[in-house]
There are 2 protein chains.
Amino acid sequence: MNDILINCPLFKDIEAEEIQRIFDKIFYQMKEYEINEIIAYQDEKVEHLIILLEGIARGEMVDISGKTIVIEEIESPKPLAPAFIFGINNNYPVNIVSQTNTKILKIPKFEFVKMMQRSDKLLINFMNNVSGRAQFLSQKLKFLSFHSIKGKFAYYILNLAKNNNTNYITLQLSQNKLAELFGVTRPSLARAIRELHNDKIIRADAKNIQILNTYELYELMK
Amino acid sequence: MNDILINCPLFKDIEAEEIQRIFDKIFYQMKEYEINEIIAYQDEKVEHLIILLEGIARGEMVDISGKTIVIEEIESPKPLAPAFIFGINNNYPVNIVSQTNTKILKIPKFEFVKMMQRSDKLLINFMNNVSGRAQFLSQKLKFLSFHSIKGKFAYYILNLAKNNNTNYITLQLSQNKLAELFGVTRPSLARAIRELHNDKIIRADAKNIQILNTYELYELMK
DNA sequence: TCACACGTGTAACATATGTTACAAAATTGA
DNA sequence: TCAATTTTGTAACATATGTTACACGTGTGA
């Protein structure tokens with residue numbers, strides 16, 4: 001088990017013996033699931049930290065008619081819904097279903113608290129995980145609040161320019177990733193960039209962008 | 001100071017003597033600010049937990065042109081940007097500026113980790129805070145990320161129906177308010193409702209809505 | 001070396017939403 | 001009760017974005 005946990009983000013930079021110590025006298029369970037079994041139910045209270053040790057699971061929403069919508073895939077080794085263990089509304093946001101044969105580790109919440117108090121690395125790893133999630137969502141929300149693709153792109157490159165203190169930017173993400181971050185399609189993003197280029201607001205050549213008209217970019221963000 | 005902290009969400013349900021114990025041999029600073037002083041700088045790395053003890057602060061974004069946009073107000077006693085202490089991108093997301101005379105408590109990150117390891121209540125309170133933030137954002141994002149007006153409206157009335165356990169709903173908000181909530185224009189919302197009515201997915205008469213086809217409403221939410 | 005995946009550029013067309021405008025119905029206040 | 005105001009219904013048109021498809025270059029692994 002420890003060999004697997006070492007690769008889990010919650011136990012990052014924690015050695016095997018240290019993991020051993022953290023788990024000492026902690027009550028936990030191991031469970032195995034066949035394919036397509038439900039590991040956790042949507043809206044059920046989260047009472048445990050569940051770590052997916054082996055296999056792949058998926059989160060899916062269920063509607064009244066019984067139809068399901070797959071939300072995301074979760075690969076091992078990873079904790080399931082870590083941002084929903086604590087907080088006001090600590091219920092599973094989705095059904096979690098095994099997509100292959102899977103093996104999980106189930107630790108009661110209060111035991112997990114104990115574990116975090118034993119290991120500052122575990123504590124910090126968990127914090128990083130949940131905080132990272134909040135930060136990711138926060139950023140994504142900001143992007144969604146700009147109405148137009150050009151507005152989102154303007155915001156994005158203006159931030160890069162500001163951070164690097166230059167008008168010459170090299171995009172680090174692919175158009176695909178960027179489009180995903182913005183919540184738009186890739187061709188639409190490409191078109192927006194092209195139009196900004198044609199309007200001489202930026203000069204765009206593949207991933208290299210030069211900002212020509214900062215004022216117009218700000219206007220687009222409104 | 002303890003009298004103030006008792007009302008801070010991070011120290012909820014922790015008694016004064018317990019707070020005393022948690023702070024024992026912890027290094028921290030108190031600082032005071034006049035009105036309109038910057039307490040923390042946007043994009044600066046978060047190295048401390050800062051708790052606003054007295055006064056009111058505001059978060060504001062600054063763009064290159066020097067224009068500022070107020071994002072939120074923060075009242076005492078509350079931690080500043082708790083979701084940005086840990087995580088990948090732990091920089092202040094905004095400038096934090098005193099809006100009145102303020103007094104703050106500044107605890108280095110590593111000391112705060114120590115404190116959480118001393119007190120499971122503090123640990124859980126902090127977790128609840130950050131997780132609650134993630135959950136709130138997640139909820140908000142779900143709402144904003146419905147691509148279509150029909151999707152947002154479907155989500156809205158399905159929630160109402162679920163809460164009241166009926167298929168007959170009376171909208172409490174005017175179309176104007178609702179359109180504003182969705183971030184769309186009023187005629188567009190009216191059109192969406194009309195089309196749902198024409199497609200016999202709902203029966204809409206002014207503010208009175210009857211859900212006819214739950215399945216289709218769920219489809220619209222994709 | 002070659003097939004293949006991947007990222008990018010672009011085009012034609014479909015669709016959703018915004019914009020503007022006006023009329024009818026409902027509500028409000030005197 | 002009646003005028004004024006708000007709310008709702010609707011239409012024509014403009015625009016932004018999505019959808020689908022294909023071409024081109026680049027790197028990569030067999």
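In what follows, every chain begins at residue 1, and chains take the letters A, B, ... in the order their sequences are listed.
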Nearest 0.5 Å, what's the CE-CG distance between B:M116 and A:L123?
4.5 Å
Among all residues two or more places apart in sequence or in another chain, which pass the ring pair (Phe, Tyr, Trp, His ring centres under 6.0 Å) test with A:Y33?
none
Could you write out each protein N or O paired with an N or O of nucleotides 18-26 of chain C at a distance under 3.5 Å?
unit_1: C:dG18; atom_1: OP2; unit_2: B:T185; atom_2: N; d: 3.4
unit_1: C:dG18; atom_1: OP2; unit_2: B:T185; atom_2: OG1; d: 3.2
unit_1: C:dG18; atom_1: OP2; unit_2: B:S188; atom_2: OG; d: 2.7
unit_1: C:dG18; atom_1: N7; unit_2: B:R191; atom_2: NH2; d: 2.9
unit_1: C:dG18; atom_1: O6; unit_2: B:R191; atom_2: NH1; d: 3.1

Take the angle between the ring planes of A:Y28 and A:F23 and call it parallel below 30°, perpendicular above 60°, tilted in between.
perpendicular
Rounding to a whole Å, what distance do you find between B:L173:CG and D:dT6:C1'?
15 Å
Just the rounded figure in Å: distance from C1' of C:dT17 to CD of B:Q175.
15 Å
Euclidean distance, atom CG of residue A:D205 to atom P of D:dG25 [Å, nearest integer]
14 Å
Which pairs of donor and acceptor atoms, one on a side chain in residues 183-193 of chain A, lie under 3.5 Å apart (sequence neighbours left out)?
unit_1: A:T185; atom_1: OG1; unit_2: A:S188; atom_2: OG; d: 2.9

Identify whether any heavy atom of B:K207 sits under 4.0 Å from a base atom; if not, whether one sits that close to sugar-phosphate; answer base, sugar-phosphate or nothing.
sugar-phosphate
For residues 168-182 of chain A, which residue pairs pass the side-chain hydrogen bond (donor to acceptor under 3.5 Å, both in side chains) check, not counting sequence neighbours?
A:Y168-A:Q210, A:T170-A:N208
Computed from five pairs at either end and rounded to 10 degrees, the angle between the axes of the helix from C:dT1-D:dA30 to C:dA30-D:dT1 is 40°
What's the NZ-C1' distance between B:K177 and D:dT7, to the nearest Å?
13 Å
Which residues in residues 192-203 of chain A have a heavy atom closer than 4.0 Å to any atom of DNA chain C?
A:R194
Can you list the residues that meet the side chain to side chain donor-acceptor pair (under 3.5 Å) rule with A:E195, with sequence neighbours excluded?
A:K150
Go through the structure and list residues passing side chain to side chain donor-acceptor pair (under 3.5 Å) with B:E34, not counting sequence neighbours.
none
Rounded to whole Å, CZ of A:F153 lies from C1' of D:dA16 at a distance of 17 Å
Qualifying residues under side chain to side chain donor-acceptor pair (under 3.5 Å), relative to A:N36, sequence neighbours excluded:
A:R58
Partner set under side chain to side chain donor-acceptor pair (under 3.5 Å) for A:R21, not counting sequence neighbours
A:E18
Rounded to whole Å, the CG-P distance (A:L178 to C:dG7) equals 13 Å
B:F112 meets the ring pair (Phe, Tyr, Trp, His ring centres under 6.0 Å) criterion, sequence neighbours left out, with B:F126
I'd like a table of donor-acceptor pairs (distance under 3.5 Å, sequence neighbours excluded) in which one partner is a side-chain atom from residues 44-55 of chain A, with atom names and distances.
none

